[in-house]
Peer 1: 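Have a look at this one before I ask anything.
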Amino acid sequence: MNIGNCPRCGKLYALNLKEMCGNCLKDIEREYERCVEFLREQKGATINEVSEATEVSIRQITRFIKEGRISVADAPNMTYPCEVCGTLIRESNMCDSCRARLTKELRQAVSDDKSGSDDYRRGNGAYSAIDKLR
């Protein structure tokens, strides 16, 4: 039987698909129920209001949204922070601004690589993320 430490509480547990001990799974389910119950009563609540009223972390509420357990379609003011800059968004992991900046930086890196030496093509350079785009 494989055992591991729960990433949430640190206790030993028998490894399972959820990668968390049973007690923490139950706690998360209780947190989810509190959030859903609050959102049923307060459909226009923001993520901060839900967090304050239910004592569930914004990070955990964001996980519920990304897992599809809490729908942002039913909660018009429900937004969560961009993983890069923290701007409030309703979908994906990054805001449009960060996504555009990342795309621009990747294109710039690719063009710099093409205009630079051909070491990567000859096998003299290290493998990098840019090579995946070719």
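Everything numeric in this text was worked out from a predicted model, so none of it was measured.
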Peer 1: Can you check whether C85 reaches C95 side chain to side chain, under 4.5 Å on heavy atoms?
Peer 2: yes
Peer 1: Quick one: does any side-chain atom of R90 pair with a main-chain N or O of M78 as donor and acceptor, under 3.5 Å?
Peer 2: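 Checking the backbone N and O of M78 against the side chain of R90, a donor-acceptor pair under 3.5 Å is found.
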Peer 1: Looking at E67 and K18, is there a salt bridge between them, counting it only when a charged N and a carboxylate O are closer than 4.0 Å?
Peer 2: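 Not counted as a salt bridge, because no side-chain N and carboxylate O are separated by less than 4.0 Å.
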Peer 1: Can you check whether N5 reaches L12 side chain to side chain, under 4.5 Å on heavy atoms?
Peer 2: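 Yes - at least one pair of side-chain heavy atoms lies under 4.5 Å apart.
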Peer 1: What pair of heavy atoms forms the shortest contact from P7 to M20, and how long is it?
Peer 2: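 Closest heavy-atom pair between P7 and M20: CD-CA, 4.5 Å.
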Peer 1: Going from CG on L15 to SG on C6, what distance comes out if it is rounded to the nearest 0.5 angstrom?
Peer 2: 10.5 Å
Peer 1: Do I58 and P81 touch side chain to side chain, with heavy atoms closer than 4.5 Å?
Peer 2: yes
Peer 1: Is it the case that one hydrophobic cluster holds both I28 and Y13, taking links as side-chain heavy atoms less than 4.5 Å apart, direct or via other members?
Peer 2: no
Peer 1: Would you sort out whether N23 and K11 count as a side chain to side chain donor-acceptor pair (under 3.5 Å), showing the intermediate values?
Peer 2: CA-CA 10 Å; N23 291 335; K11 293 181 182 176; over 6 Å; no
Peer 1: Quick check: are there more than 12 heavy atoms from other residues, nucleotides or ligands sitting under 6.0 Å from CD of E91?
Peer 2: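 For E91, atom CD is not crowded (no more than 12 foreign heavy atoms under 6.0 Å).
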Peer 1: Could you report the tightest heavy-atom contact between R99 and M94, atom names first, then the distance?
Peer 2: NH2-O, 2.9 Å
Peer 1: Between Y80 and S92, what is the shortest heavy-atom contact and its length?
Peer 2: OH-O, 2.7 Å
Peer 1: What distance do I89 atom CD1 and T62 atom OG1 have between them, rounded to the nearest 0.5 Å?
Peer 2: 9.0 Å
Peer 1: Hey, are E37 and R40 close enough for a salt bridge, meaning a charged N less than 4.0 Å from a carboxylate O?
Peer 2: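 Looking at E37 and R40, the cut-off is met.
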Peer 1: To the nearest 0.5 Å, what is the distance between SG on C98 and CZ on R101?
Peer 2: 4.5 Å
Peer 1: Can you measure from CZ (R30) to OG1 (T54) and round to the nearest 0.5 angstrom?
Peer 2: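 Separation between the atoms: 14.0 Å.
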Peer 1: Has the side chain of R8 got a donor or acceptor atom that lies under 3.5 Å from a matching backbone atom of C24?
Peer 2: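 No, because the side chain of R8 does not come within donor-acceptor range (under 3.5 Å) of the backbone of C24.
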Peer 1: Give the cluster check for V36 versus I61: same hydrophobic cluster or not, with ILVMFWY residues linked at side-chain heavy-atom distances below 4.5 Å.
Peer 2: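 They do share one cluster, since a chain of ILVMFWY contacts under 4.5 Å joins V36 to I61.
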Peer 1: Could you tell me whether E83 and K66 have a side-chain N and a carboxylate O separated by less than 4.0 Å?
Peer 2: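 Looking at K66 together with E83, the answer is yes, because their closest N to O distance falls below 4.0 Å.
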Peer 1: Name every donor-acceptor pair, under 3.5 Å, that has one atom in a side chain of residues 42-52 and the other anywhere in the protein, sequence neighbours excluded.
Peer 2:
unit_1, atom_1, unit_2, atom_2, d
T46, OG1, E49, N, 3.3
E49, OE1, T46, N, 3.0
S51, OG, V56, O, 2.7

Peer 1: Would you say that more than 12 heavy atoms from the other residues, nucleotides or ligands in this model lie under 6.0 Å from the CD of E19, or not?
Peer 2: no
Peer 1: Output, in order, the C-alpha distance, side-chain angles, deciding distance and verdict of side chain to side chain contact (heavy atoms under 4.5 Å, CB included) for C82 and N93.
Peer 2: CA-CA 6 Å; C82 167; N93 294 328; over 6 Å; no
Peer 1: What closest approach, in Å, do L39 and A75 show between heavy atoms, and which atom pair accounts for it?
Peer 2: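 Heavy atoms of L39 and A75 come nearest at CD2-CB, 4.4 Å.
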Peer 1: Decide yes or no for T87 and S97: does some side-chain heavy atom of the first lie under 4.5 Å from some side-chain heavy atom of the second?
Peer 2: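 No; the side chains remain at least 4.5 Å from each other.
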Peer 1: Taking NZ, NE, NH1 and NH2 as the nitrogens, is one of them in R63 or E31 under 4.0 Å from a carboxylate oxygen of the other?
Peer 2: no
Peer 1: When clusters are formed by joining ILVMFWY residues with side-chain heavy atoms under 4.5 Å apart, either directly or through shared neighbours, do L106 and V84 land in the same one?
Peer 2: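 In one cluster: yes.
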